[in-house]
Chemist: 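First the structure, then my questions, so here it is.
Lettering follows sequence order; numbering is per chain, from 1.
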Amino acid sequence: MKIASWNVNSVKARLPRVTEWLADARPDVALLQETKCLNEGFPALELEDMGYNLALHGQKSYNGVAILSRHPLEDIQIGLPGYGDDEQCRYIEATVNTVRVACIYLPNGNPAPGPKFEYKLEWMGHLKARVADLLKTEEPLVFGGDYNICPTDEDVYDPGGWQQDALCRPESRSVFRAIVNLGLTDALRQFKTGPGIYTFWDYQAGAWQKDHGLRIDHLLLSPQAADRLTDAGVDRAVRGREKASDHVPVWCELDF
DNA sequence: ATGGTTGTGTTACAA
């Protein structure tokens with residue numbers, strides 16, 4: 001089973017790129033972030049015609065997450081449990097073919113410090129609690145999404161220039177590390193090691209052309225999922241296409 | 001270079 005995550009930066013503006021990628025990469029499950037539309041505005045028919053079932057949690061203009069699955073979606077959970085008063089649509093969870101899958105759009109947190117950074121850290125605290133709860137089930141789990149966290153200096157083209165940014169600050173990295181250390185495996189790093197593995201390049205200042213990227217999209221696996229991990233990668237070429245998102249898909253293959 | 005780009009949706013805000 002192939003599971004991918006992609007911040008599409010508007011599913012409506014990106015629809016031609018999304019459908020061509022789905023046809024090419026053929027993921028069984030696709031976790032999309034920044035859909036930027038209400039559920040009634042989501043291009044459901046086009047994606048259902050490609051064989052996908054949908055679970056949606058959208059809002060107007062900002063944020064928004066979706067799970068696309070070739071298998072039936074069971075026990076859909078809208079929003080992050082334990083954070084019922086979160087007004088932003090950043091989390092959705094469902095069971096697919098015995099695997100519990102979470103789609104995460106973690107707050108960016110800039111400018112830091114400030115209220116947006118506090119919100120990011122608060123959100124991460126709730127995510128950590130949810131991960132700890134689900135790990136108790138000892139089921140295969142995949143926590144995928146745009147974490148807006150660059151885990152180490154190896155994951156950014158210019159660590160010095162980014163060390164004050166909410167994506168790289170020690171407080172952000174510390175909570176991310178604490179979540180991973182509950183017992184999760186960074187799927188991509190099992191197959192792609194060393195510097196220069198990126199999933200995001202800013203639209204500005206020719207970042208893509210200069211390969212000024214960051215690795216901020218992740219697939220974190222529970223032990224029962226990691227035991228079945230056979231491959232992982234980044235669909236980097238997607239960034240070079242016309243009307244591209246600023247993020248590219250990251251994917252993993254699980255033997256289920 | 002106090003710059004640069006994209007998307008939403010009205011002209012500022014988020015990334």
Chemist: Under 4.0 Å between a side-chain N or O of A/Lys243 and OP1 or OP2 of B/dG7?
Modeler: yes

Chemist: So does A/Lys60 get a side-chain nitrogen or oxygen closer than 4.0 Å to the phosphate oxygens (OP1/OP2) of B/dT8?
Modeler: no

Chemist: With DNA chain B as reference, determine whether A/Asn110 or A/Gln204 sits nearer its 5' end, using the nearest nucleotide of each.
Modeler: A/Gln204

Chemist: Regarding A/Arg236 and A/Asp211, does a basic nitrogen lie under 4.0 Å from an acidic carboxylate oxygen?
Modeler: yes

Chemist: Is the A/His126 ring parallel, tilted or perpendicular to the A/Tyr83 ring (thresholds 30°, 60°)?
Modeler: parallel

Chemist: Given atom CD of A/Gln59 and atom P of B/dA14, what is their separation to the nearest angstrom?
Modeler: 12 Å

Chemist: Check the distance between B/dA15's P and A/Asp246's CG and give it to me in whole angstrom.
Modeler: 11 Å

Chemist: Given B/dG9, B/dA15, B/dC13, identify the nucleotide with an atom nearest to the side chain of A/Arg90.
Modeler: B/dA15

Chemist: If you measure from the Lys or Arg side-chain nitrogens to the Asp or Glu carboxylate oxygens, is any gap between A/Lys210 and A/Asp158 under 4.0 Å?
Modeler: no

Chemist: To the nearest Å, how far apart are A/Asn7 CG and B/dG7 P?
Modeler: 12 Å

Chemist: CD of A/Glu242 versus C1' of B/dG7: gap in Å, rounded?
Modeler: 17 Å

Chemist: How many Å lie between CG on A/Leu38 and P on B/dG7, as a whole number?
Modeler: 19 Å

Chemist: Quick one: A/Asp202 CG to B/dG7 P, roughly how many Å, whole number?
Modeler: 13 Å

Chemist: Rounded to whole angstroms, how far apart are CZ on A/Arg14 and P on B/dG7?
Modeler: 5 Å

Chemist: Applying the side chain to side chain contact (heavy atoms under 4.5 Å, CB included) test to A/Phe143, which of A/Leu134, A/Ile179, A/Val180, A/Leu221 qualifies?
Modeler: A/Leu134

Chemist: What is the nucleic acid contact for A/Tyr105, judged by heavy atoms within less than 4.0 Å: base, sugar-phosphate only, or nothing?
Modeler: sugar-phosphate

Chemist: For nucleotides B/dG9 and B/dG4, find the distance between their C1' atoms and express it as a whole number of Å.
Modeler: 22 Å

Chemist: Closer to the 5' end of DNA chain B via nearest nucleotide, is it A/Ser10 or A/Gly109?
Modeler: A/Ser10

Chemist: C1' atom, B/dT10 versus B/dA1: distance in rounded Å?
Modeler: 29 Å

Chemist: Using the P atoms only, state how far B/dT11 lies from B/dT2, rounded to an integer number of Å.
Modeler: 28 Å

Chemist: Take the protein atom CZ of A/Phe200 and the nucleotide atom C1' of B/dT5, then report the distance between them rounded to whole Å.
Modeler: 11 Å

Chemist: With heavy-atom distances below 4.5 Å as the criterion, would you say the side chains of A/Glu154 and A/Arg189 are in contact?
Modeler: yes

